[in-house]
Undergrad: 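Right, I'll just put the structure down here and ask away after.
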Amino acid sequence: MSDPVIAARGLTKRYRNTVVVDGVNFDVGRGEIFGLLGPNGAGKTTTILMMLGLTEVSAGEVRVLGQDPVRSPLEVKRRVGYLPDSVGFYDQITAAENLAYTARLMGIAAGERKSRIMAALERVRLQEVADKRVATFSRGMRQRLGLAEILLKRAEIAILDEPTSGLDPQATHEFLEMIEGLKRESVTVLLSSHMLDQVQRVCDRVALFQGGRIVLLGKVPELAQQVLGGGYLVDLDVTTPSGVDLEAQLRTVPGVTAVSRFGQFRYRLSASRDVRSDAAAVAVSAGGALTHLAFEEASLDAIYTRYFQKQAAATGGTRDAA
Amino acid sequence: MRREGSAFQGLGTVVLKELSDHLTSMRIIVIELLIVLVAFASLYGATERLRDTTQEDPFLLLKLFTVDRAPLPSFIGILGFLIPIVAIGLGFDAINSEYNRRTMSRILAQPIYRDALLLGKFLAGLATLGVMLLCLWLIVIGYGLFALGVPPGTEEILRSLIFLGIALAYCGVWLALAIFLSIVFRSAATAALVALGVWLFFTLIWPMLAQFLAQLIAPPDLAYLLRGLPSPDTVEWQQILARFSPNQLFGECVLALLSPTTRSLGPIYVEQLQGAVMGAGLPLGQSLLIAWPQMVGLVAGSIVMFVASYIVFQRQEVRA
Ligand SMILES: Nc1ncnc2c1ncn2[C@@H]1O[C@H](COP(=O)(O)OP(=O)(O)O)[C@@H](O)[C@H]1O
Ligand SMILES: [Mg+2]
């Protein structure tokens with residue numbers, strides 16, 4: 001990456017004696033959508049707070065747009081937009097008034113303010129409720145209002161913390177589309193989420209957090225290759241005549257990297273290519289009755305779960321050996 | 001480490017926003033109506049009493065501030081009592097409400113320093129209190145004109161305006177305390193209760209405690225005790241201790257300024273009265289001189305409280 005806009009090196013956060021973020025390294029390139037993913041309590045929010053100077057860094061460093069957020073907070077905050085986890089607004093005033101306050105804090109010239117606010121509200125489809133008090137807004141609307149604030153700022157980097165949590169599927173879908181809209185305007189997006197599958201579609205690259213560390217970092221298909229041994233998963237339900245070892249036969253299909261069997265009928269293949277037709281042919285020629293065939297690209301959830309299964313197996317193995 | 005940019009960037013914006021919040025807040029309107037009501041009652045009581053006395057008084061107008069008629073307290077009595085309440089009402093949720101509404105991190109993600117937010121909230125609170133005090137002042141002056149028919153003299157106006165400034169400093173102490181508590185406690189209710197506890201302590205408990213402690217530190221002298229007089233040492237200690245309370249400082253300032261005959265804020269010894277014309281008022285400069293340490297004390301108190309707030313707030317993690 002020639003031009004990282006966010007760079008973390010050995011970034012660490014300690015509270016008294018618990019380490020919450022533990023020597024994290026990552027780069028985010030310009031115009032990228034980068035996902036900080038992981039379960040609740042993994043340290044995603046804390047990492048974000050350190051990038052914005054909202055909490056002190058215990059060790060290591062982070063650069064945002066080449067600046068140190070502790071030394072040049074104003075410069076960083078002028079160019080970075082932040083949508084906090086479950087964002088709040090002043091309920092007793094309207095959406096437009098809320099944005100007018102932050103617009104003044106941003107230092108937007110008085111003449112430009114109104115038009116920029118209306119344009120931002122229109123982008124997130126809130127123009128009709130611009131003069132409604134925020135108290136009446138749903139969670140999805142608040143979330144969109146927060147995004148409007150980032151648009152209003154014309155931020156180069158948008159940092160979104162759990163932007164889709166608590167939204168219904170429709171609202172989630174709309175919000176993710178708006179995030180992709182940001183990317184089209186070459187805004188760099190850093191988003192955090194504990195819903196891995198939900199956001200994997202929009203992320204160019206992801207960092208998977210666990211216990212304050214990044215355990216996996218890269219593009220989703222690459223991680224799938226690395227962890228699952230393939231980017232595709234095929235599920236087959238086959239009833240076989242007794243005495244046939246279908247599992248072994250499926251392993252011989254070119255491209256298949258792993259086969260696991262669940263219960264009596266279900267076989268799951270990991271593969272580096274789409275092996276549906278070959279696998280089905282093998283099953284049928286072995287005399288089996290194929291009742292179900294499903295195909296999916298590797299999900300982050302699967303990658304994540306599999307990674308920890310492997311970890312557990314590895315540590316369990318060494319313990320046995322010792 | 002030098003920081004880039006001005007610490008006051010965004011200050012004006014914050015002040016205006018907070019001010020408009022205060023001036024439209026139901027809570028504040030109710031409190032202020034209450035004060036105006038009580039103020040009128042006490043003024044009525046004062047004028048009734050002043051009408052009874054036919055004695056010539058060069059400072060009749062100032063008497064409106066200080067004279068009471070049972071069961072109503074005097075105007076300044078009410079102020080001394082209610083200013084802390086209003087200031088606490090303005091400040092107890094200044095910072096924690098931003099956390100609880102989850103607006104804090106959104107605001108602090110804008111290009112401003114925390115200094116601007118904190119100072120802006122303090123100044124807006126002070127301005128609100130200033131407006132309230134000015135209204136009350138106008139009410140007193142206007143009432144004096146109507147009810148007593150006396151036009152105020154220059155010195156009376158001057159003294160009462162300085163009194164206004166002192167009242168504002170007194171507001172500042174309590175406002176800064178309330179804001180400090182709003183930073184320390186995440187729950188607004190806790191902050192309000194603790195602030196009221198401090199207020200109660202200084203209005204009710206501390207005066208008694210000061211007396212008690214003074215007697216411990218400097219036990220009464222038997223020679224004075226037999227003559228039924230308080231011992232000078234004990235009285236002095238009691239006064240020193242009592243002055244740790246902002247209420248006491250405010251009371252003494254007011255006494256010196258609004259009762260020009262006040263010659264000293266401590267015990268007076270007979271030698272000090274040599275050559276004094278009893279009953280004559282001191283010139284304004286002399287009155288100011290008497291109350292100077294108390295005034296400085298009030299201003300210093302608000303600054304200390306504000307700096308404490310600043311230090312705590314600056315290091316706080318903003319996770320909401
Ligand atoms: N002030 C604090 N003191 C101690 N531990 C904290 C504090 N704030 C957060 N934590 C802990 O830090 C961990 C990471 O929190 P966070 O960064 O919010 O996780 P995430 O955003 O990934 O859900 C959590 O286990 C949380 O309990
Ligand atoms: Mg979080």
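Values in this document were obtained by computation on a predicted structure and should not be read as measured data. Convention: sequence-line order gives letters A, B, ...; per-chain numbering from 1. Heavy-atom basis, side chains included; hydrogens, waters and symmetry copies ignored.
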Undergrad: Heavy-atom pairs under 4.5 Å with chain A are the metric here; pick the option from R106(B), E317(B), R319(B) that has the most.
TA: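 Among R106(B), E317(B), R319(B), the one with the most close pairs to chain A is R106(B).
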Undergrad: Side chain, backbone, both or neither: which part of S25(B) has a heavy atom under 4.5 Å from chain A?
TA: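 No part of it gets close to chain A.
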Undergrad: Taking side chain as everything from C-beta outward and backbone as N, CA, C, O, which of these in E75(A) sits under 4.5 Å from a heavy atom of chain B? Side chain, backbone, both or neither.
TA: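 When you check distances to chain B, atoms from both the backbone and side chain of E75(A) fall under 4.5 Å.
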Undergrad: Compare all side-chain heavy atoms of P73(A) with those of R114(B) and state whether any distance is below 4.5 angstrom.
TA: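 Not touching, per the 4.5 Å side-chain cut-off.
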Undergrad: Taking every heavy-atom pair that is under 4.5 Å apart, which of E149(A), R79(A), R104(A), E97(A) has the most such pairs with chain B?
TA: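 Top option by heavy-atom pairs under 4.5 Å: E149(A).
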Undergrad: In this structure, are over 12 heavy atoms from other groups packed under 6.0 Å from F244(B) atom CZ?
TA: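 No.
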Undergrad: Within a 6.0 Å radius of atom OH on Y44(B), are there more than 12 heavy atoms belonging to other residues, nucleotides or ligands?
TA: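 Counting neighbours around OH of Y44(B), 12 or fewer heavy atoms of other residues, nucleotides or ligands fall under 6.0 Å, so no.
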Undergrad: Which pair of non-hydrogen atoms, one from K77(A) and one from L108(B), has the smallest distance, and what is that distance?
TA: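 Scanning both residues, the minimum pair turns out to be NZ-O, 2.7 Å.
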Undergrad: Ignoring hydrogens and geometry beyond distance, is a side-chain donor-acceptor pair present between Y82(A) and Q110(B) at under 3.5 Å?
TA: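 Note: Y82(A) and Q110(B) side chains miss the donor-acceptor criterion.
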Undergrad: Who pairs with K114(A) by side-chain hydrogen bond (donor to acceptor under 3.5 Å, both in side chains), at least two apart in sequence or on another chain?
TA: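 If we apply the side-chain hydrogen bond (donor to acceptor under 3.5 Å, both in side chains) test to K114(A), skipping adjacent residues, there are no hits.
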Undergrad: Rounded to the nearest 0.5 Å, what's the gap from OG1 on T55(A) to CZ on R315(B)? Could you check?
TA: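 So the gap between those two atoms works out to 10.0 Å.
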Undergrad: Is any side-chain heavy atom of L74(A) less than 4.5 Å from a side-chain heavy atom of Q9(B)?
TA: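 When only atoms from C-beta onward are counted, Q9(B) and L74(A) do touch, with a gap below 4.5 Å.
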Undergrad: Does atom CZ of R213(A) have more than 12 heavy-atom neighbours, drawn from other residues, nucleotides or ligands, at distances under 6.0 Å?
TA: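 Not buried by this count: 12 neighbours or fewer within 6.0 Å.
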Undergrad: Between L105(A) and I107(B), is any pair of side-chain heavy atoms under 4.5 Å apart?
TA: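 Sidechains of I107(B) and L105(A): in contact.
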Undergrad: For chain B, find which of D85(A), T102(A), L52(A) contributes the most heavy-atom pairs closer than 4.5 angstrom.
TA: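 Among D85(A), T102(A), L52(A), the one with the most close pairs to chain B is T102(A).
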Undergrad: To the nearest 0.5 Å, what is the distance between OH (Y90(A)) and OG1 (T103(B))?
TA: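 The OH atom of Y90(A) sits 4.0 Å away from the OG1 atom of T103(B).
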Undergrad: Taking non-hydrogen atoms and a cut-off under 4.5 angstrom, which of residues 78-101 of chain B neighbour chain A?
TA: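 Within residues 78-101 of chain B, the residues that come under 4.5 Å of chain A (heavy atoms only) are E98(B), R101(B).
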Undergrad: OG of S105(B) to CG of D161(A): how many Å apart, nearest 0.5 Å?
TA: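 Nearest 0.5 Å value for the OG-CG distance: 9.0 Å.
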